[in-house]
Amino acid sequence: MRYAAQRLAQAIPAFFATTFLIYAMVFVLPGDPILALAGDKPVPEQVLAVMRARYHLDEPLLVQYGRYMLGVFQGDLGETFTGQPVSELLQDRWAVTAQLALTAWVFELVVGIGLGVLAGLRRGGAADTAVLAGTTFVIAVPVFVVGYTAQILLGLNLGLFPTAGTEEGWPVSYLLPGMVLGSFGLAYVARLTRTSLVENLRADYVRTATAKGLARRRVVGLHALRNSLIPVVTYLGVDFGNLMAGAVVTEGIFNLPGIGQQVFQSIQLQEGPVVVGVVTLLVMIFILANLAVDLLYGVLDPRIRRARA
Amino acid sequence: MLARDAWLELRGRVVFWFSAAVLLVAVAMAAFPGLFAHLGPNEACDLRMSKRGPAGGALFGYDLQGCDYWSQVVHGTRASIVVGVSVTVFAMLISILLGLVGGYYGGVADAVISRLTDVFFGIPFVLGATVVLVAFPDHGIWAMTLVLVLLGWTTMTRLMRGQVIAVKDMDFVAAARMLGASDRRLMMRHILPNSVAPVIVVAMLNVGNVIAGEATLDYLGVGLQYPDVSWGLQLNIAQTFFAEHPHLLVFPALFLTATVLSFLMLGDVVRDALDPRLR
């Protein structure tokens with residue numbers, strides 16, 4: 001319990017500092033959003049002043065930030081400079097990105113751990129070599145190259161998956177993008193599982209379990225694998241936030257109307273409120289996922305709980 | 001001793017020689033593109049040849065502007081190598097410094113550094129970089145480097161700090177302290193050499209990741225801009241035409257992948273060589 005409280009006490013200031021940093025980056029950097037709104041036309045001084053006051057752009061940054069955060073905790077992400085509530089703009093888009101990230105995440109978890117176990121059990125064997133070579137390759141190829149290649153080969157030429165859009169709903173439309181988005185993490189999960197399993201299979205407690213006469217299945221499944229998955233769980237937890245934030249590229253390739261696409265457009269239009277809204281929520285997800293993992297870590301491995309408390 | 005053992009181990013690995021050879025070629029291309037390409041960047045382009053596939057005289061075909069694609073791809077090497085290596089070197093220096101100070105002194109310094117690390121660790125890479133880069137539209141290769149360093153020093157700092165904490169309680173450090181060594185001497189002469197190996201390994205892997213990250217930003221259109229030449233920019237242009245003109249996608253992707261892959265494989269074999277437990 002003390003451990004949980006301590007972690008929470010660290011996470012809260014980190015959350016505010018990170019979101020403030022993003023807020024400052026978006027609103028302090030050059031480029032006046034009100035002027036951007038007007039395009040090339042000159043803007044009268046009075047209009048500028050009124051608009052600045054309306055969006056509180058004339059107050060000190062910290063006050064603006066405080067005002068904004070108060071709103072966020074009441075579910076209000078502010079308005080775009082054209083008057084549309086940001087939360088409304090993002091509502092449908094969140095669902096798309098969440099579905100995409102979840103598909104990718106499940107893919108990572110199931111296939112990644114599966115491959116890792118396959119490789120780890122027969123270290124040095126053919127399966128192990130194949131998994132190691134394959135995962136290094138997947139990590140090295142940039143995600144947009146993987147995306148386009150998969151789209152052309154599996155989507156267009158073989159017709160196995162829809163190539164773009166969300167018309168066929170979840171899961172069909174999200175399978176291919178999910179696999180592309182999850183490919184990087186999958187490679188990491190597989191390698192992590194493998195290394196960790198190889199180390200644990202040599203541990204004394206595994207030898208003891210084998211010596212007691214337990215079946216190999218039971219030794220691996222119950223004893224070795226459970227301990228091996230601790231670092232994997234950490235990675236999977238942290239990676240969910242990465243998947244949500246990293247969906248920009250995948251959404252672009254497969255034309256999925258998610259937050260990634262929205263935020264990318266907004267950055268280029270200097271729509272600060274949308275950018276800050278999305279990034280704030282992403283940071284929140286990221287930090288919560290990290291916190292959940294840390295707590296879970298303590299449950300999985302009592303040594304950590306005791307050592308840190 | 002460790003370095004010698006590691007070298008003996010490395011010497012026998014095919015993967016090591018293979019990736020070292022690829023990287024040597026890549027570095028040579030980055031430093032002296034004239035040795036490989038017969039044309040300069042964006043030189044002697046002929047719009048009539050736009051997007052033509054590989055044919056006699058043009059090994060890789062032509063790009064959108066009708067420039068010789070082989071020359072363009074060769075010139076693209078420099079951006080990737082310079083950004084990848086310099087970002088990693090700067091990030092590594094920052095992380096060694098912060099990790100040493102935080103891990104060694106503990107207390108307030110450590111708390112401040114750790115929380116600062118948490119804050120920067122929480123910023124999503126692509127979005128964070130995009131926000132900064134869009135605000136400075138005229139950025140060149142060094143602004144890219146700065147942004148990537150800013151977003152990329154956290155992982156190594158955490159690692160270094162952990163290493164320092166583990167090493168500083170060892171007997172040889174206590175012995176040196178009792179002989180009257182100053183804090184600075186303890187850190188530089190005793191703790192640093194014994195804690196930096198994993199950081200160097202991660203740094204090697206990191207070069208590959210930075211190169212991929214830089215290419216991603218170029219690809220999204222917020223990184224380097226024409227008339228700069230980079231693999232990411234070439235892939236950005238290729239995305240519109242690759243269905244009919246796959247050579248536009250294939251060649252820069254091939255170079256990019258080979259470079260990133262070599263850094264990753266190099267990092268992997270060096271780690272194996274330094275860590276006898278995995279043998």
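A quick note: this is a predicted structure, and the numbers were derived from the prediction, not measured.
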Next on the checklist: Please identify, among A/Phe15, A/Phe16, A/Phe286, A/Tyr148, the residue contributing the most non-hydrogen atom pairs under 4.5 Å to chain B.
Outcome noted: A/Tyr148

Checklist entry - So which of A/Val263, A/Leu282, A/Asn242, A/Thr18 has the biggest tally of heavy-atom pairs under 4.5 Å with chain B? => result A/Thr18

Checklist entry - Applying a criterion of heavy atom separation less than 4.5 Å, what residues of residues 228-239 of chain B form contacts with chain A? => result B/Leu235, B/Gln239

Checklist entry - From B/Met265 CE over to A/Leu132 CG, what is the distance, rounded to the nearest 0.5 angstrom? => result 12.0 Å

Checklist entry - Does any non-hydrogen side-chain atom of B/Leu220 lie less than 4.5 Å from one of A/Phe144? => result no

Item to check | Residues which pass ring-ring contact (aromatic ring centres under 6.0 Å, His included) with A/Tyr235, listed by chain and number, not counting sequence neighbours | outcome: A/Tyr188

Checklist entry - For chain A, which of B/Val260, B/Val119, B/Val222, B/Leu116 has the most heavy-atom pairs under 4.5 Å? => result B/Val119

Checklist entry - What pairs with B/Phe263 under ring-ring contact (aromatic ring centres under 6.0 Å, His included), at least two apart in sequence or on another chain? => result none

Checklist entry - Nearest 0.5 Å, what's the CG-CD1 distance between B/Asp118 and A/Ile287? => result 8.0 Å

Item to check | Candidate pair A/Phe137 and B/Thr257, rule side-chain contact (heavy atoms from CB on, under 4.5 Å), full reasoning | outcome: CA-CA 8 Å; A/Phe137 187 70; B/Thr257 305; 4.0 Å; yes

Checklist entry - Has B/Arg115 got more than 12 heavy atoms of other residues, nucleotides or ligands less than 6.0 Å from its CZ? => result yes

Ignoring hydrogens and angles, write down the donor-acceptor pairs under 3.5 Å from the side chains of residues 123-131 of chain B, residues two or more places apart or on other chains.
{"unit_1": "B/Thr130", "atom_1": "OG1", "unit_2": "B/Val126", "atom_2": "O", "d": "2.5"}

Next on the checklist: Taking side chain as everything from C-beta outward and backbone as N, CA, C, O, which of these in A/Val145 sits under 4.5 Å from a heavy atom of chain B? Side chain, backbone, both or neither.
Outcome noted: side chain

